[in-house]
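Right, one structure below, let's go through it.
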Amino acid sequence: MLKINAEIEELEKEIMEKKQHLKKLKKAAPYIPVKNYEFIKSDGQSISLLELFGDCNELIVVHNMGKSCSYCTMWADGFVGVYDYLLLKAPFVLATPDSPEVQQSFAKERNWPFPMVSTIKSSFKKDMGFERDNYQYPGVSTFKKEADGVIYLVANDAFGPGDDYSSPWHFFDLLDSGVEGFNPKAVKKGKMIQSL
């Protein structure tokens, strides 16, 4: 028992060190200039990537696969709790391939406070690496804006079960059953699957 606990501790330490190393490598990677993409806001109005920055020089954009993806919905539900904290550093925007009407309705149903933009008429997701062979992938891109209006892609990261962006997976990993039997489609906003 003591041997396995020591091995767990050692591995956790190694993972933490590797994460720190990965963070340093990502910071050292050159920023990539990007064009000023155009999106459609949930109210149907056009907005540019540059405008999403507001008065800030940094921006976080989540590549969500849209209403049809229950996993992306779970990730977005999780962002609600940290949204105000994220705003202390940078604007946070959810980008989906859904129409503005679908976005507006779904965001209201889920009580999502963050702004959403539709990429329906944009190559943004494809150019950022989150659309391949007409299939959408979830993830996040961060951007930096220079004083002259030049926009740079700072970093990308993919989303998927077990990543650092959705906490339920880490809790499930600590259960004896793990993720067995879990289906995010079973959760309706404001309703619990079972009561205590």
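Nothing fancy with the numbering, it's 1 onward along the sequence.
For D164, the side-chain contact (heavy atoms from CB on, under 4.5 Å) partners at least two apart in sequence or on another chain are K19, H170. Not counting sequence neighbours, S167 has no partner by the side-chain hydrogen bond (donor to acceptor under 3.5 Å, both in side chains) test. The side-chain contact (heavy atoms from CB on, under 4.5 Å) search around L86 returns I60, V82, F92, not counting sequence neighbours. With sequence neighbours excluded, the residues that form a side-chain contact (heavy atoms from CB on, under 4.5 Å) with C56 are P91. The side-chain hydrogen bond (donor to acceptor under 3.5 Å, both in side chains) test applied to Q104 returns no partner, not counting sequence neighbours.
Between the CD atom in E109 and the NZ atom in K67 there is a gap of 6.0 Å [rounded to 0.5 Å]. With rounding to the nearest 0.5 Å, the separation of CG in L52 from NZ in K145 is 10.5 Å. Atom CD in E101 sits 10.5 Å away from atom CG in D43 (nearest 0.5 Å). Taking CG of D77 as the start and SG of C72 as the end, the distance is 11.0 Å to the nearest 0.5 Å. A distance of 11.0 Å separates OG of S99 from NZ of K121, quoted to the nearest 0.5 Å. With rounding to the nearest 0.5 Å, the separation of CZ in F143 from CD1 in I151 is 8.0 Å.
Between the side chain of D84 and the backbone N or O of L87, no donor-acceptor pair lies under 3.5 Å. Side-chain N or O atoms of K125 include one that pairs as donor or acceptor with a backbone N or O of N64 at under 3.5 Å. Checked by atom type and distance alone, the side chain of S48 pairs as donor or acceptor with a backbone atom of E51 at under 3.5 Å.
No option in K13, E12, Q20 other than Q20 meets the side chain to side chain contact (heavy atoms under 4.5 Å, CB included) test with M16.
At a cut-off of 3.5 Å, with distance as the only test, a side-chain donor of S141 or N156 sits close to an acceptor on the other residue. Under 3.5 Å, the side chains of Q103 and T96 contain a donor-acceptor pair of N or O atoms.
Residues V61 and A95 come closest through the heavy atom pair CG1-CB, 3.9 Å. Taking both residues in full, the closest heavy atoms of A76 and L94 are given as CB-CD2, 4.3 Å, listed atom of the first, atom of the second, then distance. Closest non-hydrogen pair, Y83 versus P113, comes out as CD2-CG, 3.6 Å. Of all non-hydrogen atoms in K144 and Y31, the two that sit nearest each other are CD-CE1, 4.0 Å. Considering every non-hydrogen atom in both P161 and W75, the closest pair reads N-CH2, 3.8 Å. The minimum heavy-atom distance linking P100 with G44 is given by the pair CB-N, 4.2 Å.
Between W169 and F182, the gap from one ring centroid to the other is short of 6.0 Å. Ring centers of W112 and F106: under 6.0 Å apart, within the cut-off. For H63 and F159, the ring centers are positioned 6.0 Å apart or more. Aromatic rings of Y135 and Y137 (six-membered ring for Trp) have centroids within the 6.0 Å cut-off, being under it.
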Passes side-chain contact (heavy atoms from CB on, under 4.5 Å), N111 versus V80? Steps please. CA-CA 8 Å; N111 295 316; V80 173; over 6 Å; no
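By the rule that hydrophobic residues join a cluster once side-chain heavy atoms approach within less than 4.5 Å of another member, V140 and F114 end up as members of one cluster. One hydrophobic cluster holds both Y71 and V179 under the rule that ILVMFWY side chains link at heavy-atom gaps under 4.5 Å.
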Listed pairs under 3.5 Å, donor-acceptor, residues 33-41 side chains, sequence neighbours left out:
from : atom 1 : to   : atom 2 : distance (Å)
N36  : OD1    : L49  : N      : 3.2
N36  : OD1    : L50  : N      : 2.8
Y37  : OH     : D127 : OD2    : 2.7
E38  : OE1    : S46  : OG     : 2.7

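Shown here is D148, whose CG atom has more than 12 heavy atoms of other residues, nucleotides or ligands within 6.0 Å.
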